There are 2 protein chains.
Amino acid sequence: MTRRIELQVHSEEERERRDAAANRALLLETAERLFTEQGVEPVTMAEIAQVAGVGKGTLYRRFAHKGELCLALLDNQLLAFQDSQLDELRQLHEREVPYLEQLAHFLRAVVAFTEQHMPLLCEIAQYTPVPDGEDLERPHSWQYMTVHGLIRRAQNAGELAPDVDAPFLAEALLAPLVAHTYRFQRERLGFTPERVSEGLSRIVQDLAAAS
Amino acid sequence: MTRRIELQVHSEEERERRDAAANRALLLETAERLFTEQGVEPVTMAEIAQVAGVGKGTLYRRFAHKGELCLALLDNQLLAFQDSQLDELRQLHEREVPYLEQLAHFLRAVVAFTEQHMPLLCEIAQYTPVPDGEDLERPHSWQYMTVHGLIRRAQNAGELAPDVDAPFLAEALLAPLVAHTYRFQRERLGFTPERVSEGLSRIVQDLAAAS
DNA sequence: ATACCAAGTGGACTTCAGTCCGTTTTTCTG
DNA sequence: CAGAAAAACGGACTGAAGTCCACTTGGTAT
């Protein structure tokens, strides 16, 4: 046998060596602890490596930059969020709740998620070298697809005019929830999460009413 | 006479020394040239100082960081933009164009401005240390006040339901025009400026229709 | 004119992100 | 179990932002 055929769709990158896997876990634990103690932003990559007792090279071999590390830390919670949302949307769908109402519900959940993970999300956005980005926007990307999907279904169901630009509308509804923009609203404008949720719901409602 | 009373409302910070003013101008010219030649992002502060033939300390005394330098470079054009917009809005108002239409017009103008100055605006956003920000958001701040004002007038004129959260709506309409968010739409989603303008106008229209 | 001093200046220095590469460890193969 | 290839490791190094401070200079008061 020359090479095992890749069967799994996801994360089949021919497994890390044992020491590598151990270090990945160690680094994630260390980072999480330091973040809890000092907050995300002030902790440096060098500090994480040092406290974990490995060289910087090792740290950077696992995580190309601080953003990737933060994303890894968020990964489990992101998966959980996605699962719970898919589930809730399915339930709403079974109860034949209109798509635009599902959308409002989903946006509310995204607000909560953003609120909860603001520091990590800001850091992820910060350390994403412009042209790269691909997977760093993963949280946003999934949210975008979901919102876009709900909008299109709403259009198909006649809840929303079919000539509305669904991709743009999806982006516009999520734009206030981009980490830095959201933080600005929270910290400088003094908006509460509820206020943001309500505001977005209202926009969605009015879009429906206009159709 | 002990101290001249400050009469001017703006920029009365007791004037720079002649050499300082000369260096400010020199640095702005140099930065502008380098930005034109190489683009904004790859030019370093050290390079600007070096090419201008001054020490880094001098550069940083004038401009606390790259964001401030970029903002200074944008300042004239920002003033021109504000003037032209105030003028246009005044004209629209005289022709008794509805406020929400004025708003759509203004948002279109902001899209154009953002489009034109994207590199500088991104850099300004990048180098704004979190807690600071005050004047770095000046472009956004003025846009925000204008949009907010138009929304409230629309409400007073009965064009828009009075229970809409005007401050939030202003922020939500401008959120897609925050530099990084806008760039994402342009470069990764492939939206054209027209598409963004149209999309925002449509939202504004539908808000009106729903009231 | 002189002398004083706040403002301005230059560049070495610190800090942090991220890279590089010679050395060590794991794992695979016979 | 030995030997070799691949992967991982560590920490010195680079590059850029931003700070610091001893020194100089332009405005002002005498």
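Naming convention: chains lettered A, B, ... in sequence-line order (proteins, then strands); numbering from 1 in each chain. The structure displayed is predicted, hence computed values, not measured ones.
Whole-Å rounding puts the Arg61(A) CZ to dT23(C) C1' distance at 13 Å. When the P atom of dT26(C) is taken as reference, atom CZ of Arg15(A) falls 15 Å away, rounded to whole Å. Atom CZ of Arg62(B) and atom P of dA7(C) are 12 Å apart (whole Å). The CG-P distance, from Leu69(B) to dA17(D), rounds to 11 Å in whole Å. Rounded to an integer number of Å, the gap from Gln50(A) CD to dA12(D) P is 12 Å. As rounded to whole Å, 12 Å separates atom C1' of dA17(C) from atom CD1 of Ile48(A). Atom CE in Met45(A) sits roughly 10 Å away from atom P in dT19(C) (whole-Å rounding). Rounded to a whole Å, the OH atom of Tyr60(B) is 19 Å from the P atom of dG8(C).
A salt bridge is absent between Arg62(A) and Glu68(A): the closest approach of a Lys/Arg side-chain nitrogen to an acidic carboxylate oxygen does not fall below 4.0 angstrom. A salt bridge does not link Asp165(B) to Arg202(A): none of the charged side-chain nitrogens sits closer than 4.0 Å to a carboxylate oxygen. Salt bridge present: Arg33(B) and Glu37(B) bring a charged side-chain N and a carboxylate O closer than 4.0 Å.
Considering only side-chain atoms of Lys56(A), the nucleotide from dT19(D), dG10(D), dA17(C) that sits closest is dA17(C).
For Gly53(B) and Thr44(A), each mapped to the nucleotide of DNA chain C holding its nearest heavy atom, the one lying further toward the 5' end belongs to Gly53(B).
A cation-pi arrangement, defined by a distance under 6.0 Å to the six-membered ring centre and an angle within 45 degrees of its axis, is absent between Arg188(B) and Phe184(B).
Within 4.0 Å (heavy atoms only), Thr58(A) reaches at least one base atom of the nucleic acid.
Note that CG of Leu150(A) and CG of Leu92(A) are 9.5 Å apart. Values are rounded to the nearest 0.5 Å.
Residues satisfying the ring-ring contact (aromatic ring centres under 6.0 Å, His included) test with Phe168(B), not counting sequence neighbours, are none.
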Please write out each protein N/O paired with an N/O of nucleotides 3-6 of chain C under 3.5 Å, distance rounded to 0.1 Å.
none

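Using a 4.0 Å cutoff on non-hydrogen atoms, the parts of residues 18-36 of chain B near DNA chain C are Asp19(B), Ala20(B), Asn23(B), ordered by number.
If you check the side chains of Tyr182(A) and Glu115(A), you find a donor sitting under 3.5 Å from an acceptor. Side chains of Gln38(B) and Glu47(B): a donor-acceptor N/O pair is present below 3.5 angstrom, by distance only.
Here Phe113(A) and Trp142(A) keep their ring centres 6.0 angstrom or further from each other.
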